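Counting from 1, the numbers follow the sequence of the chain as shown. In this text the structure is predicted, and so the values were computed from the model without any measurement.
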Amino acid sequence: ENDSDPSDTGSDTSFDAGGSDSESERRRAERAEKKREKAERKKTSKPSSGGGERTKKKKLTKLPGQPKKPMSAYFMWMQESGREKIKKENPGLSVTEIGKKGGEMW
């Protein structure tokens, strides 16, 4: 614990680095003034969007089975002919290896 009593000089925990008492009081007053100014600005400014009161957005309902986004041309190609062709040429490939082969062929 740090006591602000200047008469207690026997403690090793003193943080007075050679500065005068008037200088530390001046800094303390500046900090207090900045804190007051910030509080005043906060009172007059409108609340930010990241603040406490948020309105919850209504979640859009999605029909079952409906895709989130339209499929890319690569996925359409893989679905129609690419996957079947790769499976015929290489029957022992795993799902990830089929995807890699499809990427090479695309």
Side-chain angles (χ1 to χ4, degrees):
E1 293 182 357
N2 293 332
D3 293 332
S4 60
D5 186 12
S7 63
D8 184 19
T9 57
S11 172
D12 290 339
T13 59
S14 175
F15 291 103
D16 192 15
S20 65
D21 288 337
S22 63
E23 186 176 329
S24 63
E25 287 177 21
R26 181 180 56 82
R27 286 187 196 145
R28 190 177 299 126
E30 286 176 2
R31 280 189 227 121
E33 181 63 29
K34 284 183 182 179
K35 194 172 183 180
R36 262 194 304 275
E37 288 174 3
K38 186 176 180 181
E40 286 298 317
R41 281 195 312 266
K42 211 170 190 180
K43 286 179 186 175
T44 59
S45 67
K46 75 177 193 178
S48 61
S49 61
E53 294 183 26
R54 292 187 206 173
T55 57
K56 192 171 185 179
K57 291 183 181 178
K58 187 175 182 180
K59 187 175 180 179
L60 298 176
T61 56
K62 174 175 92 84
L63 297 175
Q66 184 181 13
K68 293 181 181 179
K69 294 181 186 177
M71 280 198 289
S72 68
Y74 169 74
F75 281 104
M76 290 173 70
W77 172 77
M78 280 293 281
Q79 194 173 28
E80 290 174 10
S81 61
R83 188 173 289 117
E84 291 174 17
K85 187 176 180 181
I86 295 169
K87 281 184 180 180
K88 284 179 186 175
E89 292 173 2
N90 306 300
L93 291 181
S94 68
V95 175
T96 55
E97 292 171 338
I98 290 173
K100 289 177 185 178
K101 278 281 191 196
E104 291 173 9
M105 291 172 66
W106 179 251

Q: Supply the atom-to-atom distance Glu97 CD to Lys101 NZ, rounded to the nearest 0.5 angstrom.
A: 9.0 Å
Q: Can you tell me how far the CZ atom of Arg28 sits from the CG atom of Asp21, to the nearest 0.5 Å?
A: 9.0 Å
Q: Do other residues, nucleotides or ligands put more than 12 heavy atoms under 6.0 Å from the CZ atom of Phe75?
A: no
Q: How about Glu23 and Arg26: do any of their side-chain heavy atoms sit closer than 4.5 Å?
A: yes
Q: How long is the straight-line distance from CZ of Arg83 back to CH2 of Trp77, given to the nearest 0.5 Å?
A: 9.5 Å
Q: Just one of Arg36, Arg31, Lys35 clears the salt bridge (Lys or Arg N to Asp or Glu O under 4.0 Å) bar with Glu33, so which one?
A: Arg36
Q: Can you confirm whether Met105 is buried at CE, in the sense that more than 12 heavy atoms of other residues, nucleotides or ligands lie under 6.0 Å from that atom?
A: yes
Q: When rounded to the nearest 0.5 angstrom, what distance separates NZ in Lys88 from OG in Ser81?
A: 10.0 Å
Q: Go through it in stages, so that I can follow the logic: the residues are Met78 and Ile98, the test is side-chain contact (heavy atoms from CB on, under 4.5 Å), and I'd like the CA-CA distance, side-chain angles, deciding distance and then a yes or no.
A: CA-CA 10 Å; Met78 280 293 281; Ile98 290 173; 4.1 Å; yes
Q: Run the side chain to side chain contact (heavy atoms under 4.5 Å, CB included) test against Ser22 and tell me which residues pass, sequence neighbours left out.
A: Ser20
Q: What is the distance from atom CD of Glu84 to atom CD of Glu89, rounded to the nearest 0.5 Å?
A: 12.5 Å
Q: Between Leu93 and Trp106, is there shared hydrophobic-cluster membership here, with clusters defined by ILVMFWY side-chain heavy atoms closer than 4.5 Å?
A: yes
